[in-house]
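Have a look at the structure below before the remarks.
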2 protein chains.
Amino acid sequence: MKLKTDLDSARDYSQQIAQTIRDAIIAGDLPVDGRLPSEGDLAARFGVSRPTVREALKRLAAQNLIRTQRGATGGAFVNRLNFEQAQEHMVTMATLLLSMNRVDFETAVEARFSLERTCLPLACTRRGPEHLARLRSEIARQAIDGLTDEGFCASDVAFHRALVDAADNPVLSWHLAGAVEAMQPLMNMITYTARSRAQIIALHSALACALDDRDLAAANAAMDELNAYTLELGSEIRTRRDRNRS
Amino acid sequence: MKLKTDLDSARDYSQQIAQTIRDAIIAGDLPVDGRLPSEGDLAARFGVSRPTVREALKRLAAQNLIRTQRGATGGAFVNRLNFEQAQEHMVTMATLLLSMNRVDFETAVEARFSLERTCLPLACTRRGPEHLARLRSEIARQAIDGLTDEGFCASDVAFHRALVDAADNPVLSWHLAGAVEAMQPLMNMITYTARSRAQIIALHSALACALDDRDLAAANAAMDELNAYTLELGSEIRTRRDRNRS
DNA sequence: CGTCTTGATATGTCTGACATATAAGACTTG
DNA sequence: CAAGTCTTATATGTCAGACATATCAAGACG
């Protein structure tokens, strides 16, 4: 394994070291589950102290690129990035992006439903009995009397998650689930006071039936209605808020 | 500002501290551009040493959640996460995800074109002259004689980037551009030896014209052809490789 | 009044040390 | 001889104190 060990003394050492190692991982120079040199070794190679190397490694650990193990055979190992971990990151990132950039409700709703619609053609073709079962089971949960708002929202997310998984393409699932899991909670936060659970359950059922029938047109129609209903709720909430202000 | 300062001595301090601060940022307890306490302060609050706090801060810096400034009025400040930074992260993550998980070519192509198709309905409605100009200018660049393979690939990515931007929804652009910019280079890497530039330019032109005419059906058709051509190239490459092996 | 100097404060880095987890080999013992 | 125990080497995790350096603000000086 070769690493560029010359550092620009003007910039942060730990950042440059992290970048060097990151590049090596992306280029495939460091194989998955491969062990990096020990902190002491790296410090000697780069000509810096151990704390500086450690800061660099923590940067990589924060991105799930490496994991560390203590003990005699321990060290830092290149992580096999899995879809689940990557999705957590994406959800965190998307949530922050939305909350920090004053994205208006309509824009977020548009993006979310546009993306989710993407899975419908594939889902109608490929949905298996296990996907249908997941959808139905979430619908059943949503219909339970006395279900808390948190529980309903969680099931809502799980339903849409199951929907994108029905397309049976892990890469697509990753992208769409990241979008849905980031935005659905934000939308629920806004609309949960005004929405009718019965209405949402009806639309979820329509989606599940459409997938069951492999009826793409019906699925798209149901998604459109869900989109429209969400927008309607949003404007209702806004009206209510404005009235309270005046 | 309140932070949970009790740490579980069994787990990494720096990770717990990073998580605590991250949660505070996500919850909005720490406003954008707000300054965190100094490293010394944080060390005292959490009852750990300054290097440990620094490791925690580097973790957050690796996710672009904070930036640091030296000097008397310096410190760690909460970053306003912007779409550009977030996209870099997404592209890195998506690239690693694909290369580390043996995603087969067909799955990646399917996900990529499914996602990109998402922008077409909106793009046909909203595309402005500036979007059309960007598309045309990239097509012109691709037709230049003597353009390197790298140049062609870069322009290819820029074209698709312009396409998703034509939908004029920043959230959607972020998601789709992340997908396109991660996967297009990987596909180019596989197919560039076999593909016909003229063919690709023709399909790009068809897409641009369809957007110009606001003709969604034509745009979808062109995208389908691009999808099919990419798959065709992929199987051609595979056949060629298999023949060489035997 | 404007410029310069100086000091305070913050991050960036280094050194050396100790604590602790872990595996492998050495050792002891039934 | 075999099984369990102990020791040791090596790695990360953490700490303490120190120095270097960047930056701003306030006071000194022309």
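Values in this document were obtained by computation on a predicted structure and should not be read as measured data. Chain A is the first sequence line, chain B the second, and so forth, proteins listed ahead of strands; every chain is numbered from 1.
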Residue-level proximity of residues 52-66 of chain B to DNA chain D when a heavy atom falls under 4.0 Å: T52(B)

Residue mapping more 5' on DNA chain C - nearest nucleotide basis, R70(B) or R70(A): R70(B)

Ion pair check, R141(A) and D156(A), cut-off under 4.0 Å: no

F105(A) CZ to I190(A) CD1 distance, which is reported to the nearest 0.5 Å: 5.0 Å

Counterpart residues, salt bridge (charged side-chain N to carboxylate O under 4.0 Å, His left out), relative to R50(A) (two or more places apart): E39(A)

Nearest-Å distance for atom pair CG/P, residues D41(B) and dA8(C): 18 Å

Outermost DNA chain D nucleotides near chain A [under 4.0 Å, heavy atoms]: dA9(D) to dT14(D)

5′-ward residue of the pair A72(B)/Q69(A) relative to DNA chain D: Q69(A)

Residues in contact with DNA chain D, drawn from residues 11-19 of chain B - heavy-atom cutoff 4.0 Å: D12(B), Y13(B)

With N101(A) via side-chain hydrogen bond (donor to acceptor under 3.5 Å, both in side chains) - residues at least two apart: none

Spatial distance of atom CE (M90(B)) from atom CE (M90(A)) [nearest 0.5 Å]: 5.5 Å

Set of salt bridge (charged side-chain N to carboxylate O under 4.0 Å, His left out) partners for R22(B), sequence neighbours left out: none

Donor-acceptor pair between D12(B) and Q16(B) side chains, under 3.5 angstrom: no

dT13(C) base / R50(A) side chain donor-acceptor hit below 3.5 Å: no

Step-by-step side chain to side chain contact (heavy atoms under 4.5 Å, CB included) determination, N64(B) to L81(B): CA-CA 7 Å; N64(B) 272 317; L81(B) 195 59; 4.0 Å; yes

Check: S173(A)/D165(A) side-chain N/O donor and acceptor closer than 3.5 Å: yes

R67(B), CZ: over 12 other non-hydrogen atoms inside 6.0 angstrom: yes

